[in-house]
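Everything below concerns the one structure shown next.
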Amino acid sequence: MSTTENAARVLKTLKDEEWRTLAGLERASSGYGTPDLGRLSRMSRLPPERVRFATDALEKRGLAMRKGQGFVLSRTGVEAMALKDYVKKDLIFALGAIIAKGKESDVYEALTEEGTKYALKLYKIGRISFTSVRKKRVLESAQFRSWMTANYDAAKREYHALRKLDGLSKSFPKVISYSRSTVLLEQLSGVRLSQRPEIEDPDSMLRTILGLMRTAFAKAGLVNADLSEYNILTDGAMVWLIDWPQAVDASHPNATELLMHDVKAVSTFFKRAYGVESDSDSSFGYVTGRNASLE
Ligand SMILES: Nc1ncnc2c1ncn2[C@@H]1O[C@H](COP(=O)(O)OP(=O)(O)OP(=O)(O)O)[C@@H](O)[C@H]1O
Ligand SMILES: [Mg+2]
């Protein structure tokens with residue numbers, strides 16, 4: 001069972017005091033050192049005796065790990081809190097099947113009570129191997145802190161980038177919410193462009209993509225900065241530009257350089273996969289808004 005499936009499973013079984021201890025551990029984990037029972041007791045506002053019971057339960061379920069006298073939160077613990085957050089806000093009701101397993105994230109289907117399907121993206125940048133940790137018992141709190149920072153920040157950055165893009169086009173995924181290392185997105189259909197699916201009109205699709213980059217740049221002030229056939233989904237007619245955590249502001253000193261890089265990545269792919277010819281100077285002039293139209 002994956003950490004996420006485990007997190008979903010414990011959702012209904014965790015007691016209130018265990019949730020409070022988990023939340024206390026999360027707050028304590030952003031500071032220095034490894035929080036011990038005394039600190040956890042203060043952070044969760046529970047008597048030390050209750051915290052002792054709660055940490056035993058959290059440890060047994062893989063939500064926290066003991067390190068010396070202290071405790072370290074696990075990825076399952078983080079994801080359990082995120083899931084609980086969405087459930088509490090009535091955003092989701094259940095976790096569905098896995099949609100994709102990437103290098104930097106896992107994407108799961110998440111269901112609302114009405115049966116709407118969302119996509120839940122859970123970041124796992126710099127994955128910590130908790131199995132080896134359990135064996136060696138050497139997970140450093142600093143190691144967890146840096147994992148936490150990287151993944152919480154990525155989720156937050158992707159959420160804010162997608163909020164800026166909201167309403168500009170149906171080709172930018174709608175973002176519902178974010179929590180901890182996760183973002184909740186509208187679920188898209190389609191496959192990655194890298195799979196080279198059959199496309200009705202490749203030439204026009206490339207133009208559409210360049211038009212979307214132009215919109216993101218001019219109207220949202222954003223450059224994706226990691227655009228390629230791997231971060232574009234399509235159903236053959238529609239396209240969606242996904243994966244925005246590394247997006248940079250149009251005012252960033254390297255913004256135009258990164259935009260040029262995105263333009264080249266996409267144009268090169270369309271030439272290689274579909275034989276579409278394009279002029280990179282003209283395309284670049286168009287996405288930056290220098291040229292009114294594509295030649
Ligand atoms: N909103 C969505 N709806 C449906 N599927 C999605 C959605 N967002 C992402 N996916 C699926 O998850 C995959 C990975 O998403 P994304 O590119 O955002 O994450 P990533 O961390 O960059 O993953 P990778 O390391 O594989 O590139 C996508 O290629 C797609 O198959
Ligand atoms: Mg990606």
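Numbering of ligands and ligand atoms starts at 1, following listing order. Computation of the quantities below employed the complete heavy-atom set of this structure, encompassing side-chain atoms and omitting hydrogens, waters and symmetry-equivalent molecules.
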Ligand-protein N/O pairs under 3.5 Å (ligand 1):
| unit_1 | atom_1 | unit_2 | atom_2 | d |
| --- | --- | --- | --- | --- |
| ligand 1 | 1 (N) | Glu186 | O | 2.9 |
| ligand 1 | 3 (N) | Leu188 | N | 2.9 |
| ligand 1 | 17 (O) | Asn231 | OD1 | 3.0 |
| ligand 1 | 17 (O) | Asp243 | OD2 | 3.1 |
| ligand 1 | 18 (O) | Lys121 | NZ | 2.7 |
| ligand 1 | 19 (O) | Ser105 | OG | 3.2 |
| ligand 1 | 19 (O) | Lys121 | NZ | 3.3 |
| ligand 1 | 21 (O) | Ser105 | N | 3.4 |
| ligand 1 | 21 (O) | Ser105 | OG | 2.8 |
| ligand 1 | 22 (O) | Asp243 | OD2 | 2.5 |
| ligand 1 | 25 (O) | Lys103 | N | 2.8 |
| ligand 1 | 25 (O) | Glu104 | N | 3.4 |
| ligand 1 | 26 (O) | Arg192 | NH2 | 2.9 |
| ligand 1 | 29 (O) | Arg192 | NE | 2.8 |
| ligand 1 | 29 (O) | Arg192 | NH2 | 3.2 |

### Query
Which atom names give the shortest non-hydrogen contact between Ser283 and Leu294, and what distance separates them?
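Taking every non-hydrogen atom into account, CA-CD2, 3.8 Å.
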
### Task
List the atom of Leu122, the atom of Tyr108, and the distance in Å for their closest heavy-atom pair.
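Smallest interatomic distance, heavy atoms only, reads CD1-CD1, 3.5 Å.
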
### Task
Classify the ring geometry between Tyr159 and Tyr178 as parallel (under 30°), tilted (30 to 60°) or perpendicular (over 60°).
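Tyr159 vs Tyr178 ring planes: tilted.
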
#### Entry: Heavy-atom check, side chain of Glu257 versus side chain of His252, under 4.5 Å
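The answer is no, as the side chains (C-beta and beyond) never meet within the 4.5 Å cut-off.
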
### Message
Is any side-chain heavy atom of Met205 closer than 4.5 Å to one of Thr234?
### Response
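Thr234 vs Met205: side chains touch.
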
### Message
Working note: Lys121 + Asp243, criterion salt bridge (charged side-chain N to carboxylate O under 4.0 Å, His left out); need CA distance, chi angles, decisive distance, verdict.
### Response
CA-CA 10 Å; Lys121 179 171 177 180; Asp243 206 3; 2.8 Å; yes

Do the charged groups of [X] and [Y] touch, with an N to O distance under 4.0 Å?
X	Y	answer
Asp56	Arg66	yes
Glu79	Lys84	no
Arg61	Glu18	yes

### Query
Taking the Mg ion (ligand 2) as the center, what protein N, O or S atoms are found at less than 2.8 Å?
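The answer is Asn231 OD1, Asp243 OD2.
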
